[in-house]
Amino acid sequence: MLSYRHSFHAGNHADVLKHTVESLILTALMEKEKPFLYLDTHAGAGRYLLSGEHAERTGEYLEGIGRIWQQPDVPELLKPYLSAVRNLNPHGTLKYYPGSPLIARFLLREEDKMELTELHSSDYPLLRTEFSKDSRARVARGDGYQQLKAKLPPLSRRGLILIDPPYEMKSDYQDVVKGIQEGHKRFATGVFALWYPVVMRQQIKHMVKDLQATNIRNILQIELAVRPDSDQRGMTASGMIVINPPWKLKAQMEELLPWLHQKLVPAGTGHFSVTQIVPE
Ligand code: SAM
(Lines give C-alpha, C1' and ligand atoms only; values in the text may rest on other atoms or scores of the structure.)
Protein backbone atom coordinates (compact mmCIF):
# COMPACT_ATOMS: atom_id res chain seq x y z
CA MET A 1 0.00 0.00 0.00
CA LEU A 2 1.20 3.50 -0.77
CA SER A 3 1.18 5.70 2.30
CA TYR A 4 3.50 8.53 1.21
CA ARG A 5 1.70 11.80 0.39
CA HIS A 6 3.81 14.63 -0.92
CA SER A 7 1.34 17.17 0.48
CA PHE A 8 3.05 16.79 3.89
CA HIS A 9 6.41 17.84 2.45
CA ALA A 10 5.63 20.16 -0.47
CA GLY A 11 7.86 23.22 -0.60
CA ASN A 12 10.42 21.95 1.90
CA HIS A 13 14.19 22.43 1.40
CA ALA A 14 14.38 19.24 -0.66
CA ASP A 15 11.68 20.50 -3.05
CA VAL A 16 13.52 23.81 -3.36
CA LEU A 17 16.68 22.00 -4.46
CA LYS A 18 14.84 19.57 -6.76
CA HIS A 19 12.71 22.21 -8.47
CA THR A 20 15.63 24.61 -8.84
CA VAL A 21 17.59 21.92 -10.69
CA GLU A 22 14.50 20.95 -12.72
CA SER A 23 13.90 24.56 -13.79
CA LEU A 24 17.55 25.08 -14.80
CA ILE A 25 17.55 21.92 -16.92
CA LEU A 26 14.27 22.86 -18.62
CA THR A 27 15.56 26.37 -19.27
CA ALA A 28 18.71 24.92 -20.86
CA LEU A 29 16.68 22.55 -23.05
CA MET A 30 14.62 25.50 -24.25
CA GLU A 31 17.72 27.26 -25.53
CA LYS A 32 17.32 25.13 -28.67
CA GLU A 33 14.23 25.54 -30.81
CA LYS A 34 13.62 21.82 -31.20
CA PRO A 35 10.82 20.54 -28.95
CA PHE A 36 11.42 17.98 -26.21
CA LEU A 37 9.69 15.63 -23.79
CA TYR A 38 9.37 16.12 -20.05
CA LEU A 39 8.77 12.72 -18.46
CA ASP A 40 7.88 12.74 -14.76
CA THR A 41 7.80 9.16 -13.45
CA HIS A 42 6.52 10.00 -9.94
CA ALA A 43 4.57 13.17 -10.54
CA GLY A 44 2.54 13.61 -7.33
CA ALA A 45 -0.67 15.68 -7.17
CA GLY A 46 0.70 18.70 -9.06
CA ARG A 47 -0.55 21.46 -6.77
CA TYR A 48 -0.30 21.58 -2.96
CA LEU A 49 -2.38 23.74 -0.66
CA LEU A 50 0.04 25.07 1.95
CA SER A 51 -2.73 26.09 4.33
CA GLY A 52 -4.13 22.55 4.10
CA GLU A 53 -4.11 20.12 6.99
CA HIS A 54 -1.14 18.11 5.66
CA ALA A 55 1.26 20.99 5.01
CA GLU A 56 0.22 22.78 8.21
CA ARG A 57 0.84 19.71 10.30
CA THR A 58 4.54 19.54 9.36
CA GLY A 59 5.16 23.20 8.50
CA GLU A 60 8.09 22.05 6.35
CA TYR A 61 7.47 24.65 3.63
CA LEU A 62 8.14 27.42 6.17
CA GLU A 63 11.77 26.29 6.29
CA GLY A 64 11.89 25.80 2.52
CA ILE A 65 10.15 27.96 -0.06
CA GLY A 66 8.88 30.22 2.76
CA ARG A 67 12.47 31.30 3.43
CA ILE A 68 13.40 32.28 -0.10
CA TRP A 69 10.49 33.28 -2.29
CA GLN A 70 10.37 36.92 -1.22
CA GLN A 71 14.04 37.63 -0.61
CA PRO A 72 15.16 40.96 -2.11
CA ASP A 73 18.47 39.57 -3.42
CA VAL A 74 17.20 36.50 -5.28
CA PRO A 75 19.85 35.34 -7.78
CA GLU A 76 18.89 35.62 -11.46
CA LEU A 77 19.25 31.85 -11.88
CA LEU A 78 16.38 31.20 -9.46
CA LYS A 79 13.95 33.34 -11.39
CA PRO A 80 12.42 30.65 -13.64
CA TYR A 81 11.63 28.50 -10.57
CA LEU A 82 10.34 31.38 -8.47
CA SER A 83 8.24 32.69 -11.36
CA ALA A 84 6.41 29.35 -11.36
CA VAL A 85 5.79 29.74 -7.62
CA ARG A 86 4.59 33.34 -8.05
CA ASN A 87 2.35 32.35 -10.92
CA LEU A 88 0.30 30.25 -8.47
CA ASN A 89 0.44 32.96 -5.80
CA PRO A 90 -0.20 36.25 -7.59
CA HIS A 91 -1.44 38.05 -4.47
CA GLY A 92 1.76 37.91 -2.46
CA THR A 93 0.67 35.23 0.03
CA LEU A 94 2.05 31.76 -0.26
CA LYS A 95 -1.06 29.65 -0.67
CA TYR A 96 -0.12 26.99 -3.20
CA TYR A 97 3.12 25.22 -4.00
CA PRO A 98 3.71 23.93 -7.54
CA GLY A 99 5.00 20.37 -7.75
CA SER A 100 7.39 19.27 -10.48
CA PRO A 101 4.68 18.90 -13.19
CA LEU A 102 3.41 22.44 -12.56
CA ILE A 103 6.93 23.87 -12.74
CA ALA A 104 7.22 22.18 -16.15
CA ARG A 105 3.77 23.34 -17.22
CA PHE A 106 4.69 26.94 -16.44
CA LEU A 107 8.04 26.82 -18.23
CA LEU A 108 7.44 24.62 -21.29
CA ARG A 109 6.51 25.88 -24.73
CA GLU A 110 3.47 25.03 -26.83
CA GLU A 111 5.42 22.47 -28.89
CA ASP A 112 6.94 20.56 -25.94
CA LYS A 113 5.28 17.46 -24.46
CA MET A 114 4.70 16.14 -20.94
CA GLU A 115 4.21 12.54 -19.84
CA LEU A 116 3.18 12.39 -16.18
CA THR A 117 2.71 9.22 -14.15
CA GLU A 118 1.33 8.86 -10.64
CA LEU A 119 0.26 5.69 -8.85
CA HIS A 120 -1.57 6.92 -5.75
CA SER A 121 -5.38 6.64 -5.86
CA SER A 122 -5.85 10.07 -4.25
CA ASP A 123 -3.10 12.03 -6.00
CA TYR A 124 -3.68 10.68 -9.51
CA PRO A 125 -7.18 12.22 -9.97
CA LEU A 126 -5.91 15.58 -8.67
CA LEU A 127 -3.10 15.52 -11.21
CA ARG A 128 -5.41 14.48 -14.03
CA THR A 129 -7.83 17.31 -13.25
CA GLU A 130 -4.99 19.80 -13.02
CA PHE A 131 -3.91 18.95 -16.59
CA SER A 132 -7.32 18.25 -18.15
CA LYS A 133 -7.12 21.33 -20.39
CA ASP A 134 -3.44 21.09 -21.33
CA SER A 135 -3.05 19.44 -24.70
CA ARG A 136 0.72 19.09 -24.20
CA ALA A 137 0.28 16.66 -21.32
CA ARG A 138 -0.64 13.00 -21.00
CA VAL A 139 -1.41 11.85 -17.47
CA ALA A 140 -1.38 8.16 -16.61
CA ARG A 141 -2.03 6.14 -13.49
CA GLY A 142 0.69 3.53 -13.34
CA ASP A 143 4.13 2.51 -12.25
CA GLY A 144 6.69 5.21 -12.95
CA TYR A 145 9.56 2.79 -13.49
CA GLN A 146 7.61 1.11 -16.33
CA GLN A 147 7.48 4.44 -18.16
CA LEU A 148 11.25 4.39 -18.50
CA LYS A 149 10.75 1.46 -20.85
CA ALA A 150 7.40 2.38 -22.37
CA LYS A 151 7.91 6.08 -23.13
CA LEU A 152 11.54 6.20 -24.24
CA PRO A 153 13.02 7.26 -26.56
CA PRO A 154 10.74 10.20 -27.30
CA LEU A 155 9.95 11.03 -30.92
CA SER A 156 11.74 14.36 -30.49
CA ARG A 157 14.91 12.57 -29.30
CA ARG A 158 15.34 15.29 -26.66
CA GLY A 159 14.11 15.33 -23.11
CA LEU A 160 14.31 15.52 -19.33
CA ILE A 161 13.30 12.49 -17.30
CA LEU A 162 12.62 13.32 -13.65
CA ILE A 163 12.65 10.32 -11.30
CA ASP A 164 11.36 11.26 -7.86
CA PRO A 165 10.13 8.21 -5.90
CA PRO A 166 9.16 8.40 -2.22
CA TYR A 167 11.80 5.84 -1.08
CA GLU A 168 9.07 4.34 1.07
CA MET A 169 10.40 0.94 0.23
CA LYS A 170 14.05 0.06 0.59
CA SER A 171 13.89 -1.47 -2.90
CA ASP A 172 13.51 2.04 -4.37
CA TYR A 173 17.27 2.57 -3.91
CA GLN A 174 17.92 -0.33 -6.29
CA ASP A 175 14.88 0.20 -8.51
CA VAL A 176 15.97 3.72 -9.46
CA VAL A 177 19.30 2.40 -10.72
CA LYS A 178 17.62 -0.41 -12.70
CA GLY A 179 15.10 2.09 -14.07
CA ILE A 180 17.81 4.49 -15.16
CA GLN A 181 19.67 1.66 -16.87
CA GLU A 182 16.53 0.69 -18.78
CA GLY A 183 15.84 4.29 -19.74
CA HIS A 184 19.42 5.02 -20.72
CA LYS A 185 19.57 1.91 -22.91
CA ARG A 186 16.70 3.36 -24.94
CA PHE A 187 17.61 7.04 -24.77
CA ALA A 188 21.32 7.49 -24.10
CA THR A 189 21.31 11.21 -24.92
CA GLY A 190 18.44 12.12 -22.56
CA VAL A 191 18.91 14.14 -19.40
CA PHE A 192 17.97 11.96 -16.41
CA ALA A 193 17.50 13.68 -13.04
CA LEU A 194 17.11 11.51 -9.95
CA TRP A 195 16.13 12.96 -6.58
CA TYR A 196 17.32 11.28 -3.36
CA PRO A 197 16.92 11.90 0.38
CA VAL A 198 19.78 11.40 2.83
CA VAL A 199 18.26 9.49 5.73
CA MET A 200 21.01 6.91 6.09
CA ARG A 201 24.20 7.95 4.31
CA GLN A 202 25.14 4.36 3.64
CA GLN A 203 22.09 3.85 1.38
CA ILE A 204 23.16 6.76 -0.82
CA LYS A 205 26.76 5.56 -0.97
CA HIS A 206 25.48 2.18 -2.19
CA MET A 207 23.16 3.76 -4.72
CA VAL A 208 25.94 5.96 -6.12
CA LYS A 209 28.27 2.95 -6.35
CA ASP A 210 25.60 0.98 -8.20
CA LEU A 211 25.13 3.86 -10.62
CA GLN A 212 28.87 4.15 -11.19
CA ALA A 213 28.96 0.42 -11.94
CA THR A 214 26.45 0.80 -14.80
CA ASN A 215 29.11 2.37 -17.05
CA ILE A 216 26.79 5.29 -17.81
CA ARG A 217 28.99 8.37 -18.41
CA ASN A 218 28.67 12.02 -17.43
CA ILE A 219 26.99 12.02 -14.01
CA LEU A 220 26.74 15.06 -11.74
CA GLN A 221 25.75 14.91 -8.07
CA ILE A 222 24.31 17.97 -6.34
CA GLU A 223 23.57 17.94 -2.62
CA LEU A 224 22.29 20.31 0.04
CA ALA A 225 22.29 19.29 3.72
CA VAL A 226 20.51 21.17 6.47
CA ARG A 227 22.15 19.11 9.23
CA PRO A 228 25.16 16.81 9.45
CA ASP A 229 24.62 13.12 8.63
CA SER A 230 23.01 11.32 11.54
CA ASP A 231 21.89 7.88 12.73
CA GLN A 232 18.67 9.38 14.09
CA ARG A 233 15.38 9.31 12.20
CA GLY A 234 14.71 11.95 9.57
CA MET A 235 16.12 13.49 6.41
CA THR A 236 19.26 15.56 6.94
CA ALA A 237 19.95 16.35 3.28
CA SER A 238 18.75 15.75 -0.23
CA GLY A 239 20.34 15.62 -3.62
CA MET A 240 19.94 15.38 -7.34
CA ILE A 241 21.90 13.05 -9.55
CA VAL A 242 21.91 14.27 -13.13
CA ILE A 243 23.00 12.20 -16.10
CA ASN A 244 23.98 14.21 -19.20
CA PRO A 245 23.58 17.53 -17.36
CA PRO A 246 23.37 20.66 -19.50
CA TRP A 247 26.93 21.99 -19.72
CA LYS A 248 26.22 25.06 -17.58
CA LEU A 249 24.46 23.24 -14.72
CA LYS A 250 27.56 22.54 -12.61
CA ALA A 251 28.64 26.20 -12.64
CA GLN A 252 25.07 27.38 -12.09
CA MET A 253 24.64 25.22 -8.99
CA GLU A 254 28.09 26.23 -7.68
CA GLU A 255 26.88 29.80 -7.91
CA LEU A 256 23.45 29.16 -6.36
CA LEU A 257 24.17 26.74 -3.53
CA PRO A 258 25.95 29.16 -1.19
CA TRP A 259 22.98 31.53 -1.42
CA LEU A 260 20.41 28.77 -1.05
CA HIS A 261 22.21 27.22 1.90
CA GLN A 262 22.58 30.54 3.68
CA LYS A 263 18.86 31.37 3.29
CA LEU A 264 17.51 27.88 3.94
CA VAL A 265 19.76 27.14 6.90
CA PRO A 266 20.33 30.36 8.86
CA ALA A 267 22.01 28.29 11.60
CA GLY A 268 24.71 27.37 9.09
CA THR A 269 24.62 23.62 9.80
CA GLY A 270 24.96 21.00 7.09
CA HIS A 271 26.84 21.37 3.80
CA PHE A 272 26.45 21.63 0.05
CA SER A 273 28.38 20.18 -2.87
CA VAL A 274 28.44 19.74 -6.64
CA THR A 275 30.53 16.79 -7.81
CA GLN A 276 31.10 15.19 -11.18
CA ILE A 277 30.93 11.58 -10.00
CA VAL A 278 31.42 10.06 -13.47
CA PRO A 279 33.27 12.00 -16.17
CA GLU A 280 31.99 12.48 -19.75
N1 SAM B 1 7.67 14.78 -8.24
C2 SAM B 1 6.72 15.39 -7.35
C3 SAM B 1 7.09 16.84 -7.16
O4 SAM B 1 8.28 17.17 -7.17
O5 SAM B 1 6.20 17.67 -7.01
C6 SAM B 1 6.66 14.71 -6.01
C7 SAM B 1 6.59 13.24 -6.05
S8 SAM B 1 6.55 12.43 -4.51
C9 SAM B 1 8.15 12.62 -3.89
C10 SAM B 1 6.52 10.76 -4.99
C11 SAM B 1 5.20 10.33 -5.65
O12 SAM B 1 5.38 9.03 -6.21
C13 SAM B 1 4.06 10.20 -4.67
O14 SAM B 1 3.01 11.02 -5.10
C15 SAM B 1 3.65 8.72 -4.74
O16 SAM B 1 2.26 8.51 -4.64
C17 SAM B 1 4.15 8.33 -6.10
N18 SAM B 1 4.48 6.90 -6.31
C19 SAM B 1 4.89 5.97 -5.42
N20 SAM B 1 5.22 4.84 -6.05
C21 SAM B 1 5.03 5.05 -7.37
C22 SAM B 1 5.24 4.28 -8.54
N23 SAM B 1 5.72 3.03 -8.48
N24 SAM B 1 4.98 4.84 -9.74
C25 SAM B 1 4.50 6.10 -9.83
N26 SAM B 1 4.28 6.90 -8.76
C27 SAM B 1 4.55 6.38 -7.55
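The first residue in the sequence is number 1, and the count goes up from there. Atoms within each ligand, like the ligands themselves, are counted from 1 in listed order.
Not a single heavy atom of I103 sits under 4.0 Å from any atom of ligand 1. Using a 4.0 Å cutoff on heavy atoms, G142 counts as a contact of ligand 1. Ligand 1 is approached by H19 to a heavy-atom distance shorter than 4.0 Å.
Shortest contact from atom 10 (C) of ligand 1 to any protein heavy atom: D164 O, 3.3 Å. Shortest contact from atom 23 (N) of ligand 1 to any protein heavy atom: D143 OD1, 2.7 Å. When hydrogens are left out, the protein atom nearest atom 24 (N) of ligand 1 is G144 N, 2.7 Å; that is the closest non-hydrogen contact. Atom 8 (S) of ligand 1 has as its closest protein heavy atom Y4 CE2, 3.6 Å.
In summary, the side chains of Q147 and K151 do present a donor paired with an acceptor at a separation below 3.5 Å, with no hydrogens or angles considered. If you check the side chains of Y97 and H19, you find a donor sitting under 3.5 Å from an acceptor. No side-chain donor from either of H206 and Q174 sits under 3.5 Å from a side-chain acceptor of the other. Using modelled atom types and a 3.5 Å distance limit, the side chains of Y81 and E22 yield no donor-acceptor pair. At a cut-off of 3.5 Å, with distance as the only test, a side-chain donor of Y145 or D172 sits close to an acceptor on the other residue.
From L264, atom CG reaches atom CZ of F272 across 11.5 Å, with rounding to the nearest 0.5 Å. With values rounded to the nearest 0.5 angstrom, H261 atom NE2 is found 11.5 Å from L17 atom CG.
For the pair H6 and ligand 1, the shortest N or O to N or O distance does not fall below 3.5 Å. Among the atoms of Y145, none of the N or O lies under 3.5 angstrom from an N or O of ligand 1. Considering backbone and side-chain atoms together, G99 places no N or O closer than 3.5 Å to any N or O of ligand 1.
Which parts of ligand 1 touch K18 is read off a 4.0 Å heavy-atom cut-off, strictly below it: atoms 3 (C), 4 (O).
Formation of a donor-acceptor pair under 3.5 Å by the E280 side chain with backbone atoms of N218 is not found in this model.
With V191 as the fixed residue, the side-chain contact (heavy atoms from CB on, under 4.5 Å) test singles out one of L26, L249, I25: I25.
Remark: among candidates H120, Q147, E118, H42, the nearest residue to atom 13 (C) of ligand 1 is E118, based on non-hydrogen atoms. Of all the listed residues (I163, L119, D172), L119 holds the heavy atom that lies closest to atom 22 (C) of ligand 1.
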